[in-house]
2 protein chains.
Amino acid sequence: MSQQNTELKKAGLKATLPRIKILEVLENNGHLSAEDIYKELIKLDQDIGLATVYRVLTQFEAAGIVIKHNFEEGRAVYEIVPDEHHDHMVCIDSGEIFEFHDDVIEKRQAEIASKHGFEIVDHSMVLYVKKLK
Amino acid sequence: MSQQNTELKKAGLKATLPRIKILEVLENNGHLSAEDIYKELIKLDQDIGLATVYRVLTQFEAAGIVIKHNFEEGRAVYEIVPDEHHDHMVCIDSGEIFEFHDDVIEKRQAEIASKHGFEIVDHSMVLYVKKLK
DNA sequence: GTCCTTGCAAAGCTTTTGCATCGCT
DNA sequence: AGCGATGCAAAAGCTTTGCAAGGAC
């Protein structure tokens, strides 16, 4: 029994071929849009409909398997939920996406929220950057 | 000559009625979507097309008059560029949006970017929160 | 066999665009 | 008057959904 198979069962989802393949694609590439995944699947000779990709991604998100990001491109990108939380830095010239994590910021965010009488459920932080000359 | 009129001229945009009214609506309400603005305009008896709202918002963004935010709702919201930068806290229960600013975080972000050989062009940070019981 | 899942096509939403008309300067 | 701005409607993404057929358990 494959690794993906187990992960899906654990989430209460039937281990179907589309779901296994989509999980594989996400594990081998980070930050893909639904369309990106669809194209990857075609490259792998998997005849999976785009609608299915969307449906599966929605289920994966609900199951906590993937995170959906809305960067500023008008389409969502997905990544497997990382073991350790991280934020993103997007290079506006190359489009590359870097990940980072900073405890000082995380701690400060929690303090700010609680000072206002809230607790943090989730957060998103994206730095749009360009290379230093 | 009105305040809006001056602001528009300064940005190199003709002071047309649609632009003046849209600016007014944005100054009286923060964080509105194109549709929200369109509806506000109708309330004010202004017959301005939705397409014009989109076009004007795009121009305002290019001119640095407004900022466009892509929170997680599938549609963009706009606000007048604030004098001092701030970030956002969105209550997932009520939908309310709060603003805050924190120098510790800002400084840290710049350090992180430069450590990776980048400089920050822009950033977005949104905390999704809920009220403490 | 049952119930969930898939594929396809159609529909939904937000946002953009073409084109003739209108309006600021 | 000239040239950009507007309105309307059509089109263009991205994403969701209805329905009949297919697949996992």
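Letters A, B, ... mirror the listed sequences (proteins, then strands); counts begin at 1.
In this structure, Met125(A) is a member of the same hydrophobic cluster as Phe98(B), with clusters built from ILVMFWY side-chain heavy atoms closer than 4.5 Å.
Contact check for Ile105(B) versus Ile112(A): side-chain heavy atoms found under the 4.5 Å cut-off. The side-chain heavy atoms of Glu79(A) and Glu99(A), taken from C-beta on, include a pair separated by under 4.5 Å.
Residue-to-nucleotide contacts include a donor-acceptor pair under 3.5 Å from the side chain of Arg55(B) to the base of dG18(C).
In this structure, NZ of Lys9(A) is placed 14 Å from C1' of dC4(C), rounded to the nearest angstrom. Across the protein-nucleic acid pair, Gln59(B) atom CD and dT16(C) atom P stand 12 Å apart, rounded to whole Å. The distance between atom CG of Leu50(B) and atom P of dC8(D), rounded to the nearest whole Å, is 11 Å. Computed from coordinates, the Leu8(A) CG to dC4(C) C1' distance equals 14 Å when rounded to whole Å. Here dG7(D) presents its C1' atom at 13 Å from CD1 of Ile22(B), a figure rounded to the nearest Å. Atom CD1 in Ile42(A) sits roughly 13 Å away from atom C1' in dG7(C) (whole-Å rounding). Between Asp47(A) atom CG and dG7(C) atom C1' the separation is 10 Å, expressed in whole Å. Taking atom OH on Tyr38(B) and atom C1' on dT15(C), their separation rounds to 14 Å, with Å as the unit.
The environment of CG in Asn28(B) is crowded: more than 12 heavy-atom neighbours from other residues, nucleotides or ligands sit within 6.0 Å.
The side chain of Lys14(A) lies closest to dA24(D) when the candidates are dA24(D), dT16(C), dA5(D). The Arg75(B) side chain lies nearest to dT14(C) when the options are dT14(C), dC14(D), dA9(D). Nearest to the side chain of Ala51(A), among dT16(C), dT6(D), dC8(C), sits dC8(C).
Taking only side-chain nitrogens and oxygens, Thr16(B) comes nearer than 4.0 Å to OP1 or OP2 of dT6(D). Note on Thr52(B): every side-chain N or O is 4.0 Å or more away from OP1 and OP2 of dA5(D). Between Tyr54(B) and dT16(C), a side-chain N or O to OP1/OP2 separation shorter than 4.0 Å is absent.
Arg19(B) comes within contact range of the sugar-phosphate backbone alone, with a heavy-atom separation under 4.0 Å but no base atom that close. At a threshold of 4.0 angstrom between heavy atoms, the contacts of Leu17(A) with the nucleic acid are absent.
For the pair Glu7(A) and Lys10(A), the salt-bridge criterion is not met [side-chain N within less than 4.0 Å of a carboxylate O].
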